[in-house]
2 protein chains.
Amino acid sequence: MTVYCKFGTALDILTGKWKSLILLRLLSNGTMRFSELQKAIPDISKKMLTQQLKELEYHDIVHREVYAQIPPKVEYSITEYGQLMKPVLQTMSDWGAGHMQHMEKLYSEEDEKGAHPSEPRRIDSLGG
Amino acid sequence: MTVYCKFGTALDILTGKWKSLILLRLLSNGTMRFSELQKAIPDISKKMLTQQLKELEYHDIVHREVYAQIPPKVEYSITEYGQLMKPVLQTMSDWGAGHMQHMEKLYSEEDEKGAHPSEPRRIDSLGG
DNA sequence: CGGTATCCGCTCTGATACTG
DNA sequence: CAGTATCAGAGCGGATACCG
């Protein structure tokens with residue numbers, strides 16, 4: 001079997017503009033409908049939400065429950081296996097928090113206005 | 001001050017096709033010259049290597065030491081601060097290892113040949 | 001409501017050539 | 001050796017329209 005990178009595997013799953021947002025919402029809210037996720041993440045398009053959820057479902061991190069009714073109702077939640085992602089998210093979040101402070105020390109607020117490589121994204125935090 | 005996402009901060013820094021590769025090499029080999037990194041990561045182009053290293057340097061994760069000589073010599077290494085990334089990398093790597101097994105159970109080897117969303121990337125592992 | 005299909009622009013990445 | 005500059009292509013992400 002081809003040797004895939006353990007690290008890259010994790011990275012791939014977290015990567016993408018929206019995956020983390022979805023995971024974070026689902027983790028704190030429990031079960032959510034498609035439309036609830038849309039509302040919770042205003043800037044995401046249906047296409048992206050669908051796509052990202054599909055990938056997460058494929059990886060057994062998100063569970064998709066379809067109710068056969070009109071109008072349709074679909075609920076998403078983190079699988080039991082998916083809960084194992086929590087420590088990963090938490091570790092990254094913790095490091096990220098520290099890093100933001102570190103960056104502030106290195107580059108003053110004034111300097112922040114200039115264009116720097118790899119500016120941090122604006123995303124909601126994990127715990128709060 | 002704008003509230004940046006702690007999690008997104010970490011993600012941004014690890015994200016990109018090559019950042020992890022560079023970090024992993026530097027972490028295990030210590031100090032490396034530009035050309036050594038190129039050799040260690042055969043498929044990366046000069047442009048990408050330069051670009052990624054610049055970003056890592058900006059984030060104080062990688063140190064760039066220039067020797068004023070002809071021909072030029074530039075050495076890269078992980079900063080002391082950058083060592084703090086290790087637990088993050090390790091956590092992700094550990095989870096990734098488990099996830100690969102989990103995926104194998106869910107989808108048989110035969111099935112792996114089909115095109116699935118978000119196939120894991122081929123990257124060298126962290127520890128070995 | 002919860003998607004899919006299509007088009008389209010932009011960024012990211014890569015190949016190549018040039019420079020100090 | 002260690003880059004920079006330039007151009008071109010692929011793929012990600014977004015807007016819109018349509019469907020069960």
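Keep in mind it's a predicted model, so treat the numbers as computed, not measured. Note on naming: letters A, B, ... go to the chains in the order of the sequence lines (proteins, then strands), and numbering restarts at 1 for each one.
Residues that satisfy the side chain to side chain contact (heavy atoms under 4.5 Å, CB included) test with B/Glu57, not counting sequence neighbours, are B/Arg64. In terms of the side chain to side chain contact (heavy atoms under 4.5 Å, CB included) criterion, B/Gln101 has no residue partners (sequence neighbours excluded). With sequence neighbours excluded, no residue forms a side-chain hydrogen bond (donor to acceptor under 3.5 Å, both in side chains) with A/Gln51. When the side-chain hydrogen bond (donor to acceptor under 3.5 Å, both in side chains) test is applied to B/Glu65, the partners found at least two apart in sequence or on another chain are B/His63. Remark: B/Asp60 pairs with A/His102, A/Met103, A/Leu106, B/Thr79, B/Tyr81 by the side chain to side chain contact (heavy atoms under 4.5 Å, CB included) rule, at least two apart or across chains. Every residue two or more places apart in sequence or in another chain that forms a side chain to side chain contact (heavy atoms under 4.5 Å, CB included) with B/Ser35 is listed here: B/Arg33. For B/Lys73, the salt bridge (Lys or Arg N to Asp or Glu O under 4.0 Å) partners at least two apart in sequence or on another chain are B/Glu75.
When heavy atoms are screened at a 4.0 angstrom cut-off, A/Lys73 is found touching the sugar-phosphate backbone but no base atom. The residue B/Pro71 sits close only to the backbone: its heavy atoms come under 4.0 Å of sugar-phosphate atoms, none of a base.
Across its full length, the helix from C/dC1-D/dG20 to C/dG20-D/dC1 shows an angle of 40° between the axes of its 5 terminal pairs at either end, rounded to 10 degrees.
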Original post:
Reading nucleotides 7-13 of chain C 5' to 3', which nucleotides get B (base under 4.0 Å from a protein heavy atom), which S (sugar-phosphate only), which -?
Top reply: B-----B
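For residues 62-70 of chain A, proximity to DNA chain D is found at no residue, defined as any non-hydrogen atom under 4.0 angstrom from a strand atom.
Atom CG of A/Leu53 is separated from atom P of C/dC1 by 17 Å (rounded to the nearest Å). Put simply, CD on A/Glu55 is 15 Å from P on C/dG3, counting in whole angstrom units. Atom CD in A/Glu75 sits roughly 14 Å away from atom P in C/dC1 (whole-Å rounding).
Between B/Tyr76 and A/Pro72, it is B/Tyr76 whose nearest contact on DNA chain D lies nearer the 5' terminus. Take the nearest nucleotide of DNA chain C for A/Lys46 and for B/Ile44: the residue whose nucleotide is more 5' is A/Lys46.
Along DNA chain D, read 5' to 3', the first and last nucleotides having any atom under 4.0 Å from a heavy atom of chain A are D/dG13 to D/dG20.
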